[in-house]
Amino acid sequence: MNLNKLFKAMLVVVPVMALGACSTTSESETDASGSTSGSTTTTGGEYGSGGVETGGVAPILTPEEQQRVEQEELRAQNIIYFDFDRSEVQSENAAIIQAHGNYLVEHPNLRVLIEGHADERGTPEYNIALGERRAKAIAKYLQSMGVQPSQMSVVSYGEEKPLDFSRSESGFAKNRRGVLVY
């Protein structure tokens, strides 16, 4: 019987102790400069109570490194949006496609699948054709940059794979897209 009471008490005490051990520094322990009261400041930067430097300078990137980082950020965006019932690549998407094009030109062994999508308005046949025109517009843009046709495949899903299932204008706009899949 006492063992059962001890077990129940441990079930309550252990989680409470674990949560107490994970607490953060309260605002009252932080001074006006934003560092904790246990830290010291030297000419080399701020050091916490464990001797680890907490302040520092961001690394300075060369122009080539900055351009590489920008290209990587643009390549992370793989969705190209289109206007209603249109298959022309918009100028605001040009930088994204150029980043992908540059990457494909630099890596001729890579292949990309270009998916064309449409919103649900219109007949399924029309939306398949519209999705194909959108994917081919992206492929044509990439090809004009020097990407080899053998590196690209085009497929149209029409309205079959919506990104947003809401029947709102913003949902339809998200579904009118081309997607670059590596």
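Just so we're clear, the structure is a prediction, and the values are computed from it rather than from any experiment.
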In terms of hydrophobic clusters joined by side-chain contacts under 4.5 Å, are Val179 and Ile138 together? no
Does the Asn102 side chain pair with the main chain of Gln98, one donor and one acceptor, at a distance under 3.5 Å? yes
Separation between CD (Glu132) and CG (Leu130), nearest 0.5 Å, reads 10.5 Å
Check: Glu159/Asn175 side-chain N/O donor and acceptor closer than 3.5 Å: no
Can you tell whether the side chains of Glu169 and Arg121 come within less than 4.0 Å, N to carboxylate O? yes
Transitively linked via ILVMFWY side-chain contacts under 4.5 Å: Leu104 with Val154? no
Evaluate the side-chain proximity of Val181 to Val112: yes if any heavy-atom separation is below 4.5 Å, no if none is. no
Under 4.5 Å between any side-chain heavy atoms of Glu115 and His117, yes or no? yes
Under 3.5 Å, is there a donor on one side chain and an acceptor on the other for Glu72 and Tyr103? no
Does any part of the side chain of Leu163, heavy atoms only, come nearer than 4.5 Å to the side chain of Arg177, both counted from C-beta? yes
With a 4.5 Å cut-off on side-chain heavy atoms, are Phe84 and Asp119 touching? yes
The reported gap from CD1 in Ile128 to OH in Tyr157 (rounded to nearest 0.5 angstrom) is 10.0 Å
Rounded distance (nearest 0.5 Å) linking atom CG of Leu142 with atom CE of Met145: 7.0 Å
Among the clusters formed by ILVMFWY side chains lying less than 4.5 Å apart, do Tyr126 and Val155 turn up in the same one? no
State the CZ-CE distance between Arg111 and Met152, to the nearest 0.5 angstrom. 9.5 Å
Lys/Arg cation over aromatic Tyr141: Arg134, 6.0 Å, 45° cone: no
Would a line drawn from the ring center of His100 to the ring center of Tyr182 be shorter than 6.0 Å? yes
If you round to the nearest 0.5 Å, how far is CG of Leu180 from CD1 of Ile80? 5.5 Å
Value rounded to 0.5 Å, distance of NZ in Lys174 from CZ in Phe165: 12.5 Å
